[in-house]
Amino acid sequence: YQRRVHGGAETIPEPRSPLLIRLRFCAFMVVGLLVALLWRLGFFGLSSKLTVLETGCKFTRSVCEQSTAIYRISFALTIFFLFFLLVSCLRNRGSRWHDSLMHVHDHCWGRKSVAFLFILIIPFFIPNIFFVGFAWVSAVGSGVFLVMQMIILLHFFYYWNELWVKREHRKWQYALVGFLVLFFGTGVIVIALMYKWFARGECRLSQFYVTLCLILGLIAMIISLRLPHGSLFISTAVFAYCSFTCFSALQGGMADNSECNALYSEAEDFVDWRALVSGLIACFCLGWSAFRAAAQQGTIRSGADSFKFFHFVMALASMFVAMLFTSWQVHGYDTNAKSDSGPATMWVRFGSFVTMYVLYIWTLIAPLVLPGDELGGVRNKFQDAPC
């Protein structure tokens, strides 16, 4: 397409596929995730050489220095996606800057890569105290991201179930049953391990949440069995995911309580299987969100303004990086190695799995309580959502 410049016409590159654009932005997120993971694992060996990371790290110094570095990487990712969120908001049709902003957003990937590198480096010149505040903001943003992640996952489970149920060959139905057994078995095993490791003796809080997770899972499965539109496959998938979230909350929140955490000796291992699984789930949800949003756009131009929500979710996911690789701890606070953020973030994750169950159960009972027209509107909004 063309734009006018001083009475003439200047040709600029054709707009690219929305899916391709989203995947390229996702690639920046993957790079940031890998840098954060490798830094946490000590591959770079720079934590002890950068004096800016030492402030407020008098205890458990190596872990604290690594965590403050992770905050900087997370902050760089957040700034990167917030900038393109601003670009997406400003490139409204009719704006004199529309074509230029579209060009900046949809093209110039080499320049974006160079800018991304500088954005990763600049935070290492900023004092630690700034990133203590950013870490607390990230904890809140990560909670919001977890809710959005649940909606995306629930959308995917419905899509997966519908796609395989419609397949005529029976092998797809057998495969669906196989995954159903896998999800249910995984959830039961995780529940049993939580009772063994966290819900022992007088650990009433752990016992309450493990039992709550089990009861809500059983309620969801019973409702799905008794309703014609229910799906036991989706119920078991939700059960497995919520069991993992509850396990993660208990292991992280009870890290300093040896009586209610049989894995206490492993509490200082900040990059464990929980972080890796959570990272893989987050990457999958971002990729699925990008794919579905692009697939539902009728034309490239009609979807030009749909990137605002995408960049907003990516900014929240960038904050989630800070929590993911620091076990939801806030380090570098004055002279302490970390602030007492474990219990607070444990409640965030408890609220997350309860919210997931509430959302899923609502999708099951909505046909019973909503009129036909209103229910159709809700279904269309859910199925056609950007995620």
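Taking each heavy atom of Ser88 and His311 in turn, the nearest pair found is OG-CD2, 3.3 Å. Closest approach of Val190 to Ser243, counting heavy atoms only: CG1-O, 3.4 Å. The heavy-atom pair separating Val188 from Phe239 by the smallest distance is N-CE2, 3.6 Å. The two residues Ala240 and Phe183 make their nearest non-hydrogen contact at CB-O, 3.5 Å.
The backbone N or O of Trp172 lies less than 3.5 Å from no partner atom in the side chain of Arg167, so there is not a single donor-acceptor pair.
When ring centroids are compared, Trp288 and Tyr159 come within the 6.0 Å threshold.
Relative orientation of the His105 and Phe25 rings is tilted, given thresholds of 30° and 60° on the angle between their planes.
Here the rule is ring-ring contact (aromatic ring centres under 6.0 Å, His included) with Phe320, and of Phe325, Phe145, Phe81 only Phe145 fits it. Exactly one of Trp39, Phe75, Tyr71, Phe131 qualifies for a ring-ring contact (aromatic ring centres under 6.0 Å, His included) with Phe124. That residue is Trp39.
Among residues two or more places apart in sequence or in another chain, the side-chain contact (heavy atoms from CB on, under 4.5 Å) test is passed with Arg204 by Glu202, Gln207. In terms of the side-chain contact (heavy atoms from CB on, under 4.5 Å) criterion, residue partners of Leu117 (sequence neighbours excluded) are, by chain and number, Ile121.
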Practice item. Check step by step if side chain to side chain contact (heavy atoms under 4.5 Å, CB included) holds for Phe309 and Met148. Key: CA-CA 11 Å; Phe309 179 77; Met148 291 187 171; 4.2 Å; yes

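A side-chain donor from one of Tyr195 and Thr211 sits under 3.5 Å from a side-chain acceptor of the other.
If you take CD1 on Ile234 and CG on Leu176, they are separated by 9.0 Å, rounding to the nearest 0.5 Å. Rounding to the nearest 0.5 angstrom, the gap separating the SG atom in Cys242 from the CG atom in Leu216 is 8.0 Å.
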